[in-house]
Amino acid sequence: MKKRLLCFSLLLAVMVSAQEPAIIPKPSRMEMQDGNFNITPSTQIVLKGPGLEKAAMFLNDYLQKFYGFKLAVTKAAVSRNSISLGLEKMESAIAGAYHLQVNRTGVQIKGDGAIGTFYGVQSLVQLLPVEKKKELTVPALEIEDQPRFAYRGMHLDVGRHFYPIDFIKKFIDYIALHKMNTFHWHLTEDQGWRIEIKKYPKLTQVGAFRNGTIIGHHPGTGNDQTKYGGYYTQEQVKEIVKYASDRFITVIPEIEMPGHASAAIAAYPELSCFPDEATKHPAKVSWYGDSTGKQVQQAWGVYPDVFAPTEYTFKFLENVLDEVMALFPSTYIHIGGDECPKENWKRSAFCQQLIKEKGLKDEHDLQSYFIQRIEKYLNSKGRQIIGWDEILEGGLAPNATVMSWRGEKGGIEAAKQKHNVIMTPNSYVYFDYAQNKQEDSLVIGGYLTVQKVYNYEPVPGALAAEDTKYILGAQANVWSEYMKTPAKVEYMVFPRMSALSEVLWSRKESRNWSDFEKRMEKQTKRYELWNASYNKKYLDPANK
Ligand code: ACM
C-alpha cells in the first residue's frame, strides 16, 4: 500500500512539474494551485491605483500583437473575469517586487510600486499559451517575486551597423520581457555617428555615412563599395526614450570619447590633434572612395586619430552633451573612455605642453584629465558618468561608475576604490562572441555558450564583503561589427539574454542549469511566437 501511495505521489509530482509554467527569470517563490482561469476578449483589466496604465498598456499591446485581441480597461469594481492591477507595500531593497495570484475567477497582480505591477504583467504573459488563440488558459498559482540586482542591462552598438527605429523598439520590448531595466545605447563610433546634434549638423551629414564596408572578417577580403549609414533624429530619440520609459526602462546614451572618434573627426577635423593629416587605416584594409582628408572608417578596430584635449574639443563635447542631456533624462551618461591609443597625443606638441602645464605624468594622466573635466561638467548639470574600465588608468574621476569589460579586474579594482560598478566582462556577457563551435555566419570570434552565461556570478568572489554593495548589476554588450540585420542581432542575443536575465533577477541559490534548460523549451516557443530569430543549436552536444 505504502509503495503504491509513493508511486502515486511521484506520478502526481511529475504531472504537476510538467504543468509548471516556465517563467524566465525564475520567480523567488511560486506555488501551483488547483484550477485555471481563461482570459478571453470579454475579460477586463481593472486598475486599482495610480500609475498602472503602463502595465495595462503593455499587456494589451502583447495580447493584440500575439493573440489578436485587446481587453477593456476600467477603474470600476469588477470581481469576476478580470485581471486586477494594484499596489501593495513590500519589503524589497530593490524596486520591482510583485505578488501575482491566479484563481478560477481571475488574476490579481499587486506591485511594490507601478514598476512591480509591470513585472507581474511580465510573468503573466509567460503563463499564456504559446499558440495564437482567443481563449488563453492560465493555471491557478501564486507567485511572490523580487529582483536581485538594481542594474539589469542590455547594450546595443548602432555605430558599426545601424538599425531602424522599429527594431530599437523591439529590442526594448525584449528587455522588458526579461524584467531588465536598462538600455545602453552606443551611439557614436569610428564607423558612424548616429544621433542628430542640431548645433553640429555635419556630425550626421558627414559622420553618419561611410563610403563602403569591408567584406568578411577584419581586415576583410574586399570592400562592398556601397555607401552605408543612417542616424536617429532628435524626434526619434525622444520617441525611443518615451517608449522605454513606458516599459520602466532607462536609456543610457553613450557618446564615446576620447577614442573611437573617427566619424566625429571626419565631420569636424579640428577635433583631431592633426586636422590636416588624412585618416589612416591598416594597409590590409581594402578602402573605397575618397581617401584624402578625414574619413569615416570602413573597417572595424581601434584607430589612432582621437579627440585632441583642446578647448575647441571640450566646448564641442559640452555642446553635444547639452543636447544629449536634453533628450535623455537618465542620471547616467556613458562617456566611453575605452581603447584610446595615445600615439597622437605623444607626438602632439600641444598635448605635451598641456601635460607639462597641468603637472601630469604621461598620456594616461592626460586621459584621466580629459575624463575628469567631462565628469565635472556633467556633475554640474546633475548627471553622473559611466566609463569603460580604462578610465581607471591614470586615476578614476571622483564620482565615476565603472563598466568592467576586460574581465572582472577593473570592476574589482573600482569597487575596492568605493566606486559603483556595472559588470560586463567579455568572458561572460559579450553577446557578439560565437555561441556555437561551428557558426553558420560570420562572428567576431570568442566563444560564449548560454550555459556559461547562465553560470555567471556578477559579484566577484575576490571582493571583500563590505565592497560587494558597489556591484550594481551587470549587462550584456552587443557589438555589431558582424550583425548586419536585426535578425542577426536576435540570433546573437537569444537565448543568452534569457540566461542573463535569470542571473540578474533571480535568487542566487535558485539558479539551476537543468531546471533552466527545461524552462528554455517553452522559452524557445515564445521566441517563435515573437517571430524572433534565435540560436537553435544552443544545446548541441558539440558545444559542450
Ligand atoms: C569595449 O568592448 N571596447 C568596451
Side-chain angles (χ1 to χ4, degrees), residues 151 153-161 182-194 217-218 252-264 282 297 299-307 332-343 364 367-368 370-371 374 385-394 396-397 400-414 419-435 443-448 452-453 456 458 471-483 489 492-493 496-497 500:
Y151 187 107
M154 286 296 295
H155 150 288
L156 184 64
D157 163 20
V158 295
R160 276 55 176 261
H161 283 104
T182 309
F183 172 42
H184 170 176
W185 204 2
H186 183 83
L187 285 162
T188 72
E189 257 307 333
D190 293 301
Q191 298 81 10
W193 181 283
R194 305 283 177 226
H217 228 271
H218 186 84
I252 298 180
E254 181 179 354
I255 304 297
E256 267 270 10
M257 61 190 82
H260 289 289
S262 304
Q297 293 290 354
W300 324 128
V302 173
Y303 295 94
D305 207 359
V306 302
F307 286 137
Y332 281 129
I333 305 289
H334 201 305
I335 48 78
D338 62 321
E339 299 179 322
C340 177
K342 305 295 186 295
E343 58 205 76
H364 292 294
Q367 159 135 346
S368 176
F370 195 116
I371 301 292
I374 295 293
I385 65 162
I386 301 181
W388 299 108
D389 59 44
E390 285 93 332
I391 67 168
L392 280 153
E393 294 160 11
L396 215 39
T401 292
V402 172
M403 232 175 219
S404 185
W405 74 277
R406 296 175 298 178
E408 298 177 280
K409 214 167 65 269
I412 294 168
E413 182 50 40
H419 281 252
N420 284 333
V421 171
I422 296 151
M423 296 303 288
T424 71
N426 48 7
S427 40
Y428 290 98
V429 286
Y430 263 43
F431 288 1
D432 54 340
Y433 282 17
Q435 48 191 333
V443 300
I444 201 159
Y447 186 49
L448 176 61
K452 186 162 180 196
V453 175
Y456 175 52
I471 308 293
L472 303 182
Q475 168 181 289
N477 293 337
V478 183
W479 299 105
S480 65
E481 287 92 334
Y482 300 97
M483 302 183 203
V489 173
M492 295 304 283
V493 304
R496 291 185 289 195
M497 181 174 175
L500 181 63

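As the structure lists them, so they are numbered: ligands from 1, and atoms in each ligand from 1.
Atoms of ligand 1 found under 4.0 Å from any heavy atom of W479 (numbered from 1 in listed order, with element): 1 (C), 2 (O), 4 (C). Interface of W405 with ligand 1, defined as ligand atoms under 4.0 Å from a residue heavy atom, comprises 1 (C), 2 (O), 3 (N), 4 (C). The ligand atoms of ligand 1 that sit less than 4.0 angstrom from a heavy atom of E339 are 3 (N).
Checked by atom type and distance alone, the side chain of H186 never pairs as donor or acceptor with a backbone atom of E254 at under 3.5 Å.
Counting protein heavy atoms only, atom 2 (O) of ligand 1 is closest to Y430 OH, 2.6 Å. Protein heavy atom nearest atom 3 (N) of ligand 1, with residue, atom name and distance: D338 OD2, 2.7 Å.
With a 4.0 Å heavy-atom cut-off, ligand 1 is reached by no atom of M403.
The line from CD of E256 to CD of E189 is 5.5 Å long, rounded to the nearest 0.5 Å. The OG1 atom of T401 sits 6.0 Å away from atom CG of L472, with the distance rounded to the nearest 0.5 Å.
No close placement of the H155 and F431 rings is indicated, their centers lying 6.0 Å or farther apart.
The ring pair (Phe, Tyr, Trp, His ring centres under 6.0 Å) test with H184 singles out one residue from Y151, W479, Y332, W388, and that residue is W388.
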